[in-house]
There are 2 protein chains.
Amino acid sequence: MAQSTERLRRYLEDELGECRSEDVERRLDELGTLEAALGTAQVGAELDVLSALSNETRYTLVRVLVGAREELCVCELHAVVDVTESGLSHALSALVDAGLVEGRKDGRWKKYRATNRAVALVTVLDGSVSPDE
Amino acid sequence: MAQSTERLRRYLEDELGECRSEDVERRLDELGTLEAALGTAQVGAELDVLSALSNETRYTLVRVLVGAREELCVCELHAVVDVTESGLSHALSALVDAGLVEGRKDGRWKKYRATNRAVALVTVLDGSVSPDE
DNA sequence: CTATTAATTGAAGAAACATTCAACCTAAGC
DNA sequence: GCTTAGGTTGAATGTTTCTTCAATTAATAG
């Protein structure tokens, strides 16, 4: 919520024919309610997930792990993305933080797999985004 | 796809008990297939959508428009986010490019509404992300 | 036609991000 | 024990991405 309400008043005058202070107040309230519909914590968490996904390296890793339907070793994932070992580790760590991937140590190897959240998101993206744009 | 296959060879030796060159080749192939499962164009488009959403201002706008279930005037949206008019315009333009929002001019006002794609994505995010993280 | 208002555009500085290098930790192997 | 290999961490840098300011377009009002 923020900023000058002058323009909004003129807009409501246009829409409603007339406009009193309380009309502006009411509309601001409605808009505020829409904005706050989910808590700030929820929105913050969703933004974290989106930020984690919106990077080519990380998104590729998620896609591959979702597609694999099984856990993959870091050394296998390294064959799939074009970053250093360190970069790969940073990427996986960000995905773990976002709850998109889970890691497990297995002897001297470390394996990662996609979470249900990752599967759900990738599925929707595939379904609602067509390549021609 | 990239990088040294030495570690992968050793990993496969561990997993399979033995490992010939062709085993490494085959595994690299499988991984490559996973990575290429969707075309590059598709992945690029999905990344564009994710990048558009992964910003507080833009995500808030999408959430409000999805929640409103009707078109809202720029001057109304301005009451909801904390950026300049110019910033708001840039944000809306990015959302249009990503196919998350559609704009329509109405006299001297301009109105935006959420697309189906936006509704689908917000719905899944709400469903799969819980606030406590 | 001029002035005003709604909104957009481009450029530029500031802030956030991603990637790498180097150092490090841990588990196995000798 | 020592060494090697898999993987992670933190700091630094180079690149993107935001946000703003100033100028601009388009529509209405006078």
Side-chain angles (χ1 to χ4, degrees), chain A residues 2-15 44 47-48 50-61 71-98 101-112, chain B residues 2-15 19 44 47-61 71-98 101-112:
Chain A
Q3 308 283 56
S4 108
T5 61
E6 277 316 303
R7 194 189 306 194
L8 179 58
R9 159 175 237 110
R10 284 191 289 267
Y11 175 65
L12 292 178
E13 251 159 38
D14 249 37
E15 293 288 297
L47 270 170
D48 287 345
L50 289 166
S51 302
L53 279 179
S54 64
N55 165 271
E56 183 170 4
T57 298
R58 292 191 298 263
Y59 189 55
T60 302
L61 290 171
E71 56 185 13
L72 294 179
C73 174
V74 170
C75 62
E76 292 178 295
L77 292 170
H78 197 200
V80 158
V81 291
D82 206 12
V83 290
T84 60
E85 219 172 301
S86 170
L88 173 55
S89 198
H90 281 297
L92 287 168
S93 154
L95 291 173
V96 169
D97 288 348
V101 139
E102 283 170 0
R104 166 178 89 85
K105 202 153 194 206
D106 183 17
R108 50 176 177 158
W109 310 99
K110 182 133 184 202
K111 300 179 177 176
Y112 286 90
Chain B
Q3 309 282 58
S4 109
T5 60
E6 276 315 302
R7 194 191 306 196
L8 179 58
R9 159 177 238 109
R10 284 191 289 268
Y11 175 65
L12 293 177
E13 250 160 39
D14 250 37
E15 294 287 297
C19 173
L47 270 170
D48 287 345
V49 172
L50 290 167
S51 302
L53 279 180
S54 64
N55 166 269
E56 183 170 5
T57 298
R58 293 190 299 264
Y59 189 55
T60 301
L61 290 170
E71 55 185 13
L72 294 179
C73 175
V74 170
C75 61
E76 293 179 294
L77 293 170
H78 196 199
V80 159
V81 291
D82 204 13
V83 290
T84 60
E85 219 173 302
S86 171
L88 173 56
S89 198
H90 282 297
L92 287 168
S93 153
L95 291 172
V96 169
D97 288 347
V101 139
E102 281 170 1
R104 166 179 89 86
K105 199 148 196 208
D106 183 17
R108 50 175 176 159
W109 309 99
K110 183 134 183 201
K111 301 178 177 177
Y112 285 90

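Residue numbers start from 1 in every chain, and the chains themselves are labelled A, B, ... in the order their sequence lines are given, proteins ahead of strands.
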From the list B:Val96, B:Asp97, B:Leu95, side-chain contact (heavy atoms from CB on, under 4.5 Å) partner of B:Ser93 resolves to B:Asp97
May I ask you to verify if any side-chain N or O of B:Ser89 is less than 4.0 angstrom from the OP1 or OP2 atom of C:dA7?
-> no
| said: Check this for me: does any side-chain nitrogen of one of A:Glu85 and A:Lys110 sit under 4.0 Å from a carboxylate oxygen of the other? | reply: no
Between CG of B:Asp48 and C1' of D:dT17 the distance, given in whole Å, is 14 Å
A:Arg58 has its side chain closest, among D:dT8, C:dA18, C:dT20, to C:dA18
Walking DNA chain D from its 5' end, the first of A:Ser93 and B:Leu8 to be reached, judged by nearest nucleotide, is B:Leu8
> Does OP1 or OP2 of D:dT8 have a side-chain N or O of A:Tyr112 closer than 4.0 Å?
Replying inline: yes
Rounded to whole Å, CG of B:Leu61 lies from P of D:dC18 at a distance of 13 Å
Here the distance between atom P of D:dG6 and atom NE2 of A:His78, to the nearest Å, is 12 Å
When rounded to whole Å, the CD to P distance for the pair A:Glu85 and C:dC21 reads 12 Å
Of C:dT26, D:dG7, C:dT19, the nucleotide closest to the side chain of A:Thr57 is C:dT19
query: Judged by atom type as modelled, is there a donor-acceptor pair below 3.5 Å linking the side chain of A:Asn55 to the main-chain atoms of A:Arg58?
result: yes
Taken to the nearest whole Å, CZ/B:Arg9 to P/D:dA5 is 15 Å
Review point. Between A:Arg10 and C:dT4, does any side-chain N or O lie under 4.0 Å from OP1 or OP2?
Key: no
Out of D:dG10, D:dG7, C:dA7, minimum distance to the side chain of A:Cys73 belongs to D:dG7
Out of D:dG6, C:dT19, D:dT19, minimum distance to the side chain of B:Asn55 belongs to D:dT19
Taking for A:Asp14 and for B:His90 the nucleotide of DNA chain D with the nearest heavy atom, the one nearer the 5' end belongs to B:His90
| Any side-chain N or O of A:Lys110 under 4.0 Å from OP1/OP2 of D:dT8? | yes
Does the side chain of B:Ser86 get closer than 4.0 angstrom to OP1 or OP2 of D:dC21 through an N or O atom? no
B:Lys105 atom NZ is separated from C:dT5 atom C1', nearest whole Å, by 11 Å
query: So, do A:Arg9 and A:Tyr11 sit near enough that their side-chain heavy atoms are less than 4.5 Å apart?
result: no
Between NZ of A:Lys111 and P of D:dG6 the distance, given in whole Å, is 14 Å
Of C:dT26, D:dT8, C:dA7, the nucleotide closest to the side chain of B:Trp109 is C:dA7
Rounded to whole Å, CG of A:Leu12 lies from C1' of C:dT5 at a distance of 16 Å
Comparing nearest nucleotides in DNA chain C, the 5'-proximal residue of the pair A:Arg108, A:Tyr11 is A:Tyr11
Is there a donor-acceptor contact under 3.5 Å from the side chain of B:Thr84 to the main chain of B:Gly87?
yes
Closest non-hydrogen contact found for A:Lys111 with A:Asp106 is NZ-OD2, 2.9 Å
Whichever of B:Leu88 and A:Ala52 has the more 5' nearest nucleotide on DNA chain C, that residue is B:Leu88
